[in-house]
2 protein chains.
Amino acid sequence: MDTTDYDLENLPPDLSYEDFLQMLLPLRDSLDILGGKWKLQIIFSLKFGRKRFKEIQREIPGITSKMLSKELKDLEMNDLATRYVHNTAPITVEYELSEYGKTLKSVVIELYKWGSAHRKHITSK
Amino acid sequence: MDTTDYDLENLPPDLSYEDFLQMLLPLRDSLDILGGKWKLQIIFSLKFGRKRFKEIQREIPGITSKMLSKELKDLEMNDLATRYVHNTAPITVEYELSEYGKTLKSVVIELYKWGSAHRKHITSK
DNA sequence: TATACCAGTATACTTTGAGAAACCGGGTAA
DNA sequence: TTACCCGGTTTCTCAAAGTATACTGGTATA
């Protein structure tokens with residue numbers, strides 16, 4: 001497993017293309033985790049507390065249960081959300097943004113800041 | 001045109017869903033601009049100076065002229081790259097990361113940092 | 001007894017992103 | 001004169017992402 005951290009400010013001039021592709025991997029991970037049509041909406045929904053499956057679905061108009069199910073699995077797999085199954089009858093399921101999930105905050109804020117500035121930049125031309 | 005800036009740390013509790021979707025737009029812009037298979041590679045290529053079309057294509061193994069052409073147009077449209085046409089015979093074309101394009105740095109670094117940490121987080125489980 | 005809720009699955013379909021290959025007009029070097 | 005370089009564009013194809021719709025088994029409600 002590769003554990004090299006690069007300094008993006010100051011890349012080694014002899015960086016091979018292979019190494020460069022390695023360096024792109026973490027960037028892609030971040031983009032994949034936040035990209036797609038529904039991920040951000042789900043993350044924001046969970047940001048405001050534990051929610052049940054249908055509860056999230058009602059909060060996000062247009063999302064199908066298939067997509068919600070799939071995206072929640074992705075979040076869980078990445079340790080960003082936690083799934084709680086309550087042994088009631090019928091079972092109820094709750095999802096929660098994990099503590100680790102909250103570390104996304106700085107990235108999301110940075111993306112939002114740049115995006116906002118960009119909208120102004122583009123429309124001011 | 002909407003110019004509201006939200007404080008992601010501290011969202012108004014009465015935020016309507018419409019307003020929330022408005023708030024997502026800049027986030028999506030950032031993700032769209034950096035997402036996809038080739039954008040980051042092209043941006044990094046241009047980071048090291050003006051390049052000609054074929055030069056970029058040679059630097060990025062696997063990219064087709066169709067994709068490169070399309071992505072460069074996107075970058076240009078977003079004012080991130082500048083296209084210089086030289087009146088030589090035959091004409092030569094150069095692309096350069098604009099000064100504005102360099103403002104992407106902080107977002108990219110943030111994405112890289114989170115992604116790197118995430119790889120460690122996931123593999124350490 | 002019939003209907004609706006819950007937490008999803010299953011299946012089929014459409015849309016989008018990307019790749020492969022051919023092609024273009026103008027130029028240049030063998 | 002033939003073949004190749006340059007900066008792309010065009011057409012066709014395929015896979016992935018996303019949508020639509022129906023369904024499940026168990027329970028509560030009218």
S.K.: Whole angstroms only, please: what is the CD-P distance between E71(B) and dT9(D)?
M.R.: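 Rounded to whole Å, this separation is 13 Å.
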
S.K.: Applying a 4.0 Å non-hydrogen cut-off, can you work out what G62(A) is touching in the nucleic acid: base, sugar-phosphate, or nothing?
M.R.: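 The residue G62(A) makes no contact with any strand.
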
S.K.: Taking the side chain as C-beta and beyond, is there a heavy-atom pair between E96(B) and R83(B) under 4.5 Å?
M.R.: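 E96(B) does not reach R83(B) side chain to side chain.
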
S.K.: To the nearest Å, give me how far apart CG (L31(A)) and P (dG17(C)) are.
M.R.: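 Answer to the nearest Å: 15 Å.
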
S.K.: Can you find a side chain N or O atom of R52(A) that sits less than 4.0 Å from OP1 or OP2 on dA7(C)?
M.R.: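 Yes, R52(A) has a side-chain N/O under 4.0 Å of OP1/OP2 on dA7(C).
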
S.K.: Do F53(B) and E94(B) touch side chain to side chain, with heavy atoms closer than 4.5 Å?
M.R.: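 Result no, sub-4.5 Å side-chain heavy-atom pair not found.
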
S.K.: In whole Å, I'd like the distance from the CD1 atom of I60(A) to the C1' atom of dA7(C).
M.R.: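 One finds 16 Å between C1' of dA7(C) and CD1 of I60(A), rounded.
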
S.K.: Measure CD/Q57(B) against P/dG19(C) and give the value in whole Å, please.
M.R.: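 Going from CD in Q57(B) over to P in dG19(C) covers 12 Å.
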
S.K.: Is there a donor in the side chain of Y95(A) and an acceptor in the side chain of E55(A), or the other way round, less than 3.5 Å apart?
M.R.: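 Checked: Y95(A)/E55(A) side chains show no N/O donor-acceptor pair below 3.5 Å.
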
S.K.: Rounded to the Å, how far apart are M67(B) CE and dT10(D) C1'?
M.R.: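 Atom-to-atom, M67(B) to dT10(D), this comes out as 15 Å.
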
S.K.: Parallel, tilted or perpendicular: which fits the ring planes of H86(B) and Y84(B), with parallel below 30° and perpendicular above 60°?
M.R.: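 The arrangement is parallel - the two ring planes meet at less than 30°.
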
S.K.: Ignoring hydrogens and geometry beyond distance, is the side chain of T64(A) in donor-acceptor contact with the base of dT21(D) at under 3.5 Å?
M.R.: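 Answer no: no donor N or O sits under 3.5 Å from an acceptor.
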
S.K.: Residues of residues 74-93 of chain A with any non-hydrogen atom less than 4.0 angstrom from an atom of DNA chain D: list those, numerically ordered, please.
M.R.: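 Per residue number, the list reads A89(A), P90(A).
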
S.K.: For W114(A) and T103(B), does a side-chain donor sit closer than 3.5 Å to a side-chain acceptor?
M.R.: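 Present: a donor and an acceptor within the cut-off.
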
S.K.: Starting at the 5' end of DNA chain C and moving along, which residue's nearest nucleotide shows up first, K66(A) or L72(A)?
M.R.: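 The residue mapped nearer the 5' terminus is L72(A).
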
S.K.: Measure the shortest side-chain to side-chain distance between D19(B) and Y6(B) over non-hydrogen atoms and say whether it is less than 4.5 angstrom.
M.R.: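 They are in contact (side-chain heavy atoms under 4.5 Å apart), so the answer is yes.
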
S.K.: To the side chain of K54(A), which of dA7(C), dG18(D), dT19(D) is closest?
M.R.: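 Per side-chain heavy atoms of K54(A), the pick is dA7(C).
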
S.K.: Is K70(A) close enough to dA16(D) that one of its side-chain N or O atoms is under 4.0 Å from OP1 or OP2 there?
M.R.: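 So the side-chain polar atoms of K70(A) never come under 4.0 Å of the phosphate oxygens OP1 or OP2 of dA16(D).
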
S.K.: Once you round it to whole Å, what is the distance between C1' of dA18(C) and CG of L68(B)?
M.R.: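 Going from L68(B) (CG) to dA18(C) (C1'), I get 14 Å.
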
S.K.: In whole angstrom, what separates R28(B)'s CZ from dA17(D)'s C1'?
M.R.: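 After rounding, the reported distance stands at 13 Å.
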
S.K.: Would you please confirm or rule out a distance under 4.0 Å between OP1 or OP2 of dC6(C) and any side-chain N or O of R58(A)?
M.R.: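 R58(A) to dC6(C) OP1/OP2: side-chain N or O found under 4.0 Å.
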
S.K.: Using a 4.5 Å cut-off on heavy atoms from C-beta on, say whether the side chain of V108(A) contacts that of F44(A).
M.R.: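 Yes, their side chains come closer than 4.5 Å.
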
S.K.: If I take atom CH2 in residue W38(B) and atom P in nucleotide dT16(C), what distance separates them, rounded to the nearest angstrom?
M.R.: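 After rounding, the gap between these two atoms is 22 Å.
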
